[in-house]
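Notes to accompany the following structure.
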Amino acid sequence: MCGIVGCILKEKNDVAPILFDCISKLEYRGYDSVGIATYDNKINVRKAKGDIESVNEKLRFKNMKGIFGIAHTRWASTGKPTDENAHPHLDATKSVAIVHNGTLENYTELKNELINEGCKFTSTTDSEVIANLIKKYMSNGLNLEDALRKTTEQLKGSYAIVAFSKDEPDKIVATRQDSPLIVAYGKTGYFVASDTPAVLEYARDVIRPREGEIAILSNEGIDIHDKNGKSIKWKSTYIDWTPEMARKEGFDHYMIKEITEQSDAVKNTLTQKGKIQKVIEKIGKVKRICLVACGTSYHASITGKYLIESLAGIACDVVIASEAKYTAKTWDEDTLVIFISQSGETYDSRMALKEARKTSKTLAIVNVAGSAMCEEAEFVIQTQAGPEIGVAATKTYVAQLTAIYLFAGLISKNNALVDELYNVPAYIDEAVKQKDYIKELSKRYDFADDAFYLGRGFSYPVALEGALKLKEITYIHAEGYAAGELKHGPLALIDEKVPVIVIIPPGEDYPKTMTNLEEVKARGAIVLSVGAKGDENITKNSNVFIEMNPKIREIIAPLVYIVPLQLLSYYVTLDKGFDPDRPRNLAKVITV
Ligand code: AGP
């Protein structure tokens, strides 16, 4: 889940400021350490443990000389976050520099072989073997490209590698296996990166090399070679995300900017209605649907299950991608397997997608254009949230929900529901306007060690997502429960120190949820309810009441009721002095 970048400029200018700018855009992929290597008649490397800003203050990356180079921001997997383990890594003779994203399963074996051959290592990473293998094969007479190819033949695991050598100082080479990598070109030069937000400022024509292909960047252009070294014809895709979309634009954090952008995410995703209708027609008849995803996308999938089953009457399972192997055995040609993913790169989802392709029709609902899952699924629906930089998913979640509501509404020919979706952006804007109130009340919650989120029916996945938002950025233990499940165990944990957040929109499930609310209230819990404005029953039974537009029906509520819960997590995080955009131990894209 590290961020990697390489750049070679058309003119002979110093590349370090551009590399620094690009790698700064990828900090959401990891922030354990950072480093840059450039070529200036020799290889220069500056790298250290820490986040990009603090390391830059110490090492002054932008002063580095050289017209091409590579950069890396690390999310540690093999080897602790230390200066030595920071990338780029050099081989023992200091003639090859590499950056790597992924994990190598057989690195110990390879490292021992290299050590037996006299090679000295300076880090405890798996990645350093790559630089040494490339050097070994170059010393045996191969050129850089062939040495990289020969190296990858030895590697087991996932990788995106970008490398250069002082012995062939006019090019950067890159390749991938089960890890994302894009190549891009713009006015100033040629780029390679783990994902597009890194290069948006400089290049928006993007190529995605396939697994095993090698991209060769020189100051004259881009060449992509297949496994046999033969040049292949590539086609680029123009990315319509603007550089501004990936900037903070005056907001304190990406997370609050992205929460504020949610009405646009819904509006823009609604424009996909025609395309979704066409996808449904192409898919044709299905007897069964299975939704597969991780994290927040999994919560959107649960909502999808409830919608598809209740509106279309099609049997629908929902399964966490890393747990899909048993359900996968039941997929057949009458099953449509739907994958929901912001990044389109999540390892577990991709592995399940590979399985599903063998037996079933597959549909990916993805936010990042040109990502792996867009290529790997038979059908694709693109959510239109724009780039999401905050690690905590917010606007991409409501965009995923919008796509799945459209899908369910269209497949069941429920025009009334589809029409109702066009009211959602205004409801979201109204909810965001409550941010000062929520900021104020957040102070009452930063003391908490635990919190419970309750919801029933369509509000159950909202409870799960609300709890995930709280735990991932505030580090408060939080659990989402189906409200009716509480009395089967968790109620024992409720006392006067525990905040319980109840999602209780008006509708069929309201009376039962109200009973559950009263149950927790009776046991002294501090109740925060999210429900319809003016509801006296809720007012009476809650310590705090976040009032939503009463026109929002239960079935539509997931698209809107999540907003105050996101805001609550955001402000509690600020109260506790944490960075909401960079939660500890997490990264935005999970490719391992
Ligand atoms: C949630 O805030 C997280 N970012 C995480 O749970 C995320 O939803 C999960 O890793 C799945 O990612 P994807 O949507 O890119 O597949």
Side-chain angles (χ1 to χ4, degrees), residues 1 27-31 75 178-180 194-197 253-256 258-259 262 265 269 291-304 318-324 337-353 363-374 376-377 380-383 385-404 453 461-462 464-475 478 480 562-563 565-570 573 578-592:
M1 283 102 75
E27 203 174 21
Y28 60 83
R29 292 188 67 100
Y31 24 85
W75 184 86
D178 285 337
S179 280
S194 42
D195 41 9
T196 42
H253 299 100
Y254 283 109
M255 185 176 176
I256 189 69
E258 288 158 4
I259 290 174
Q262 291 188 108
T269 304
L291 288 142
V292 184
C294 305
T296 292
S297 303
Y298 172 69
H299 300 151
S301 303
I302 302 175
T303 311
V318 54
V319 54
I320 292 173
S322 57
E323 295 287 327
V337 191
I338 303 181
F339 294 84
I340 303 191
S341 175
Q342 179 281 129
S343 60
E345 301 287 353
T346 302
Y347 180 81
D348 291 319
S349 302
R350 286 189 57 210
M351 292 307 111
L353 173 51
L363 163 65
I365 300 181
V366 173
N367 194 53
V368 179
S371 56
M373 288 167 73
C374 293
E376 291 159 358
V380 177
I381 293 174
Q382 183 114 26
T383 53
E388 185 176 72
I389 311 293
V391 168
T394 54
K395 64 174 179 172
T396 55
Y397 172 65
V398 297
Q400 289 169 342
L401 287 177
T402 307
I404 202 79
Y453 287 69
V462 182
L464 294 177
E465 177 57 11
L468 177 62
K469 288 289 90 84
L470 193 77
K471 64 186 137 193
E472 73 179 324
I473 58 172
T474 69
Y475 318 140
I562 190 60
V563 177
L565 307 184
Q566 296 164 338
L567 287 167
L568 182 69
S569 301
Y570 174 73
T573 307
F578 301 131
D579 181 346
D581 288 339
R582 295 189 301 190
R584 68 184 178 208
N585 305 334
L586 299 181
K588 183 81 184 156
V589 192
I590 315 289
T591 52
V592 291

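The figures that follow rest on heavy atoms only: side chains count, while hydrogens, waters and symmetry mates do not. The chain is numbered in sequence order, starting from 1. In listed order, ligands and their atoms are each counted from 1.
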For Y570, enumerate each residue passing the ring pair (Phe, Tyr, Trp, His ring centres under 6.0 Å) test, keeping only those at least two apart in sequence or located in another chain.
H253

If we ignore angles and hydrogens, is there a donor and acceptor under 3.5 Å between the side chains of Q566 and T394?
no

V391, portion touching ligand 1 at heavy-atom distance under 4.0 Å
backbone

Identity and distance of the protein heavy atom lying nearest atom 11 (C) of ligand 1:
C294 O, 3.3 Å

Examine K588 against ligand 1 and note whether any of their N/O atoms are separated by less than 3.5 Å.
no

Under 4.5 Å between any side-chain heavy atoms of E472 and L586, yes or no?
yes

Could you list the residues that satisfy side-chain contact (heavy atoms from CB on, under 4.5 Å) with A321, not counting sequence neighbours?
V292, C294, D348, S349

Is the contact between K469 and ligand 1 made by the side chain, the backbone, both, or neither, using heavy atoms and a 4.0 Å cut-off?
side chain

Give me the nearest non-hydrogen protein atom to atom 13 (P) of ligand 1 as residue plus atom name, then the distance to 0.1 Å.
T346 OG1, 3.2 Å

Can you check which of Q566, E472, M255, Q342 brings a heavy atom nearest to atom 3 (C) of ligand 1?
E472

Take atom OH in Y298; do more than 12 heavy atoms of anything else shown fall under 6.0 Å from it?
yes

Pair S297-Q342, side-chain donor/acceptor within less than 3.5 Å
no

What about G344: any of its N or O atoms under 3.5 Å from an N or O on ligand 1?
no

Starting from atom 8 (O) of ligand 1, which protein heavy atom do you reach first, and at what distance in Å?
T296 N, 3.1 Å

